[in-house]
Amino acid sequence: MLKSGRKMKRIVLSVLALFVIIASASVAALPVPSEYDHIYYLKPDTISVLGYSDNTMVQLWFNTTKPFQRGEFNITYTCCCANVTADIDWGPEWEDVGAAWWNCGYLFGFFANEAPGMNPENLPPGEYLVGNITLYCCDETPPCETNLNFTKARLWEWIESEADWIEHDGTSDNATFTCGAPTEETFSKDLYEGWNLVSLPLTPSDNSANSVLASVWDNVSAVYRYNATSKQFESASTMDPGEGYFVHVTQNCTWTYNGTPCTSMSTELKQGLNMVGWLNCSKAIDDALSSIAGNYWYVARWNAVSQSFEV
């Protein structure tokens with residue numbers, strides 16, 4: 001098994017061009033990525049309601065490493081699984097706030113302390129509660145699921161010496177909204193003796209590797225994920241949707257497991273080689289990777305029968 005593992009690493013590192021997902025997590029103050037000045041996010045970032053017309057309230061926050069005086073953000077979603085009310089319960093720091101419906105989403109803007117043209121003062125870096133947002137399900141035939149995507153996540157600082165604004169470079173952590181309980185399904189895939197590159201199109205109730213691979217666990221000798229930051233393979237004890245895994249089995253077998261369908265994903269890719277999974281559907285590569293068009297060279301998949309990559 002160790003010998004097979006070393007061989008697999010040599011082969012993959014020379015030709016691998018897949019994509020890896022880094023899962024987002026809801027934390028007390030989401031760290032600002034080093035290449036940005038601020039980040040917008042929702043607490044919690046996984047939201048659900050029971051059915052049609054049911055609603056829930058979530059908090060919208062941002063964390064900034066720069067002073068600022070005004071902001072703007074746009075949240076979009078699938079029409080009509082979710083909807084956002086324009087009546088935000090704004091935090092105490094904000095004045096002259098506004099909202100407008102735009103392309104299955106809402107565009108929100110706010111000023112801190114003073115309205116524009118009134119000698120505004122910047123607020124210091126830190127984490128700020130923008131306000132509470134009410135989400136409700138508008139799908140009359142749930143279940144349904146949609147991403148809550150920030151298509152704008154902006155902050156401006158007032159520069160008194162120049163009597164002008166500068167915009168800081170920001171990013172966001174998107175969220176997921178589910179209406180109704182997703183229907184559990186069964187996924188089945190033939191595995192071949194040797195290495196198999198797999199992902200999870202269904203979200204399992206138990207994400208431990210021995211549970212996800214329970215139907216073939218007696219034949220499994222290794223499970224690896226690829227760390228796109230360190231550029232190294234690591235043994236995987238858990239398995240999650242959106243990520244690719246190399247599974248080594250000692251004989252041909254059929255893998256089955258149960259879970260709820262994954263219908264959307266948002267991934268952070270690192271420069272260089274990445275390894276990701278895909279959703280519970282099929283798409284052309286240029287469609288699936290349209291959000292990063294021009295930023296990738298090629299995509300490869302693993303042929304478990306020939307034990308080789310195909311571009």
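Model, not experiment: these values are computed from the prediction.
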Quiz prompt | Nearest non-hydrogen partners of H168 and H38, listed with the distance | solution = O-CE1, 3.4 Å

Exercise. Determine yes or no for a side-chain-to-main-chain donor-acceptor pair under 3.5 angstrom, with Y245 supplying the side chain and D240 the backbone.
Key: yes

Quiz item: With distance as the sole criterion, is a donor-acceptor pair present between the side chains of Q69 and N122 under 3.5 Å?
Solution: no

Quiz item: Does the side chain of D139 pick up a donor-acceptor pair with the side chain of T141 at under 3.5 Å?
Solution: yes

Exercise. Could you tell me which residues satisfy side-chain hydrogen bond (donor to acceptor under 3.5 Å, both in side chains) with S34, sequence neighbours excluded, listed by chain and number?
Key: none

Quiz item: Is the shortest heavy-atom distance from the side chain of F73 to the side chain of L60 under 4.5 Å?
Solution: yes

Quiz item: Ignoring hydrogens and geometry, is there a side-chain-to-backbone donor-acceptor pair from Y40 to W61 under 3.5 Å?
Solution: no

Quiz item: Is it true that the side chains of Y136 and D54 contain a donor and an acceptor less than 3.5 Å apart?
Solution: no

Quiz prompt | Donor-acceptor under 3.5 Å (T78 side chain, C80 main chain) | solution = no

Practice problem: Output, in order, the C-alpha distance, side-chain angles, deciding distance and verdict of side-chain contact (heavy atoms from CB on, under 4.5 Å) for N227 and F233. | Solution: CA-CA 6 Å; N227 186 323; F233 280 91; over 6 Å; no

Quiz prompt | Heavy-atom side-chain contact between I292 and L269 under 4.5 Å | solution = yes

Quiz item: Is the closest side-chain heavy-atom distance between V84 and F108 below 4.5 Å?
Solution: yes

Quiz item: Are a donor atom and an acceptor atom from the side chains of T260 and E184 found within less than 3.5 Å of each other?
Solution: no

Quiz item: Going from CD on E185 to OG1 on T203, what distance comes out if it is rounded to the nearest 0.5 angstrom?
Solution: 11.0 Å

Quiz prompt | Side-chain (Y192) to main-chain (Q251) donor-acceptor, under 3.5 angstrom | solution = no

Quiz item: With L107, which of N74, I75, T151, T76 fulfils side chain to side chain contact (heavy atoms under 4.5 Å, CB included)?
Solution: N74

Quiz item: Between the side chains of N252 and E193, does any donor sit under 3.5 Å from an acceptor?
Solution: no

Quiz item: Is it true that L191 and F246 fall in one hydrophobic cluster, defined by side-chain heavy atoms closer than 4.5 Å?
Solution: no

Quiz item: Do T186 and N258 have side-chain N/O donor and acceptor atoms under 3.5 Å apart?
Solution: yes

Quiz item: Would you find a donor on one side and an acceptor on the other, under 3.5 Å apart, between the side chain of N274 and the backbone of G272?
Solution: yes

Quiz item: Is a donor on one side and an acceptor on the other found under 3.5 Å between the side chain of S172 and the backbone of Y41?
Solution: no

Self-check item: hydrophobic_cluster_shared for L197 and V223, side chain cutoff 4.5 Å
Solution: no

Quiz item: So, T65 side chain and D37 main chain: donor-acceptor pair closer than 3.5 Å or not?
Solution: yes

Quiz item: N83 versus Y77: any side-chain heavy-atom pair under 4.5 Å?
Solution: yes

Self-check item: Side chain proximity check, T254 to V216, heavy atoms < 4.5 angstrom
Solution: no

Quiz item: Of all heavy-atom pairs between L202 and P261, which one has the smallest distance, and what is that distance?
Solution: CD2-CA, 3.7 Å

Quiz prompt | Qualifying salt bridge (Lys or Arg N to Asp or Glu O under 4.0 Å) pairs, either residue in residues 203-227, two or more places apart | solution = R225-E243

Self-check item: Side chains of W255 and W217 in contact at under 4.5 Å (non-hydrogen atoms)
Solution: no

Quiz item: Is the CD atom of Q271 crowded by more than 12 outside heavy atoms at less than 6.0 Å?
Solution: no

Quiz item: Can you find a side-chain donor-acceptor pair between E127 and N63 that sits under 3.5 Å?
Solution: no

Self-check item: Side-chain donor or acceptor of Q307 paired with backbone N/O of W195 under 3.5 Å
Solution: yes

Quiz item: So do the side chains of T171 and P33 get within less than 4.5 Å of each other, counting heavy atoms only?
Solution: yes

Self-check item: Within the 6.0 Å centroid threshold, strictly below: W158 and W165
Solution: yes

Self-check item: Euclidean distance, Q59 CD relative to N132 CG, rounded to 0.5 Å
Solution: 5.0 Å

Quiz prompt | Gap between atom CZ of F187 and atom OH of Y257 - 0.5 Å precision | solution = 6.5 Å

Quiz item: Will you find, in the side chains of N174 and N147, an N or O donor that is under 3.5 Å from an N or O acceptor?
Solution: no

Quiz item: Strictly under 6.0 Å, is that where the ring centroids of F62 and F68 end up?
Solution: yes

Exercise. Dump the intermediate steps for side-chain contact (heavy atoms from CB on, under 4.5 Å) on R301 and F309, then the final yes or no.
Key: CA-CA 6 Å; R301 64 185 176 192; F309 280 99; over 6 Å; no

Quiz item: Is there side-chain contact between P125 and K66, with heavy atoms separated by less than 4.5 Å?
Solution: no

Quiz item: When rounded to the nearest 0.5 angstrom, what is the spacing between OH in Y128 and CG in L155?
Solution: 10.0 Å

Quiz prompt | Cystine candidate C137-C179, SG separation under 2.5 Å | solution = yes

Quiz item: Do the side-chain N and O atoms of N55 and T134 include a donor-acceptor pair separated by under 3.5 angstrom?
Solution: no

Practice problem: Before accepting this row, confirm whether a basic side-chain N of the pair E268/K270 lies closer than 4.0 Å to the acidic partner's carboxylate O. | Solution: yes

Exercise. Please check if the side chain of H248 supplies one atom and the backbone of N219 the other of a donor-acceptor pair under 3.5 Å.
Key: no

Quiz item: So T176 and T146, side-chain contact (heavy atoms from CB on, under 4.5 Å) or not? Walk me through it.
Solution: CA-CA 6 Å; T176 302; T146 178; over 6 Å; no

Quiz item: About how many Å separate CH2 of W297 and CG of N295, when rounded to the nearest 0.5 Å?
Solution: 11.5 Å

Quiz item: Closest heavy-atom contact between A82 and C138?
Solution: O-SG, 3.5 Å

Quiz item: Do other residues, nucleotides or ligands put more than 12 heavy atoms under 6.0 Å from the CG atom of L50?
Solution: no

Quiz prompt | Nearest-0.5 Å distance that lies between atom OG in S211 and atom CG in L213 | solution = 9.0 Å

Quiz item: Could you go step by step and tell me if V49 and T178 meet the side-chain contact (heavy atoms from CB on, under 4.5 Å) rule?
Solution: CA-CA 6 Å; V49 296; T178 303; over 6 Å; no

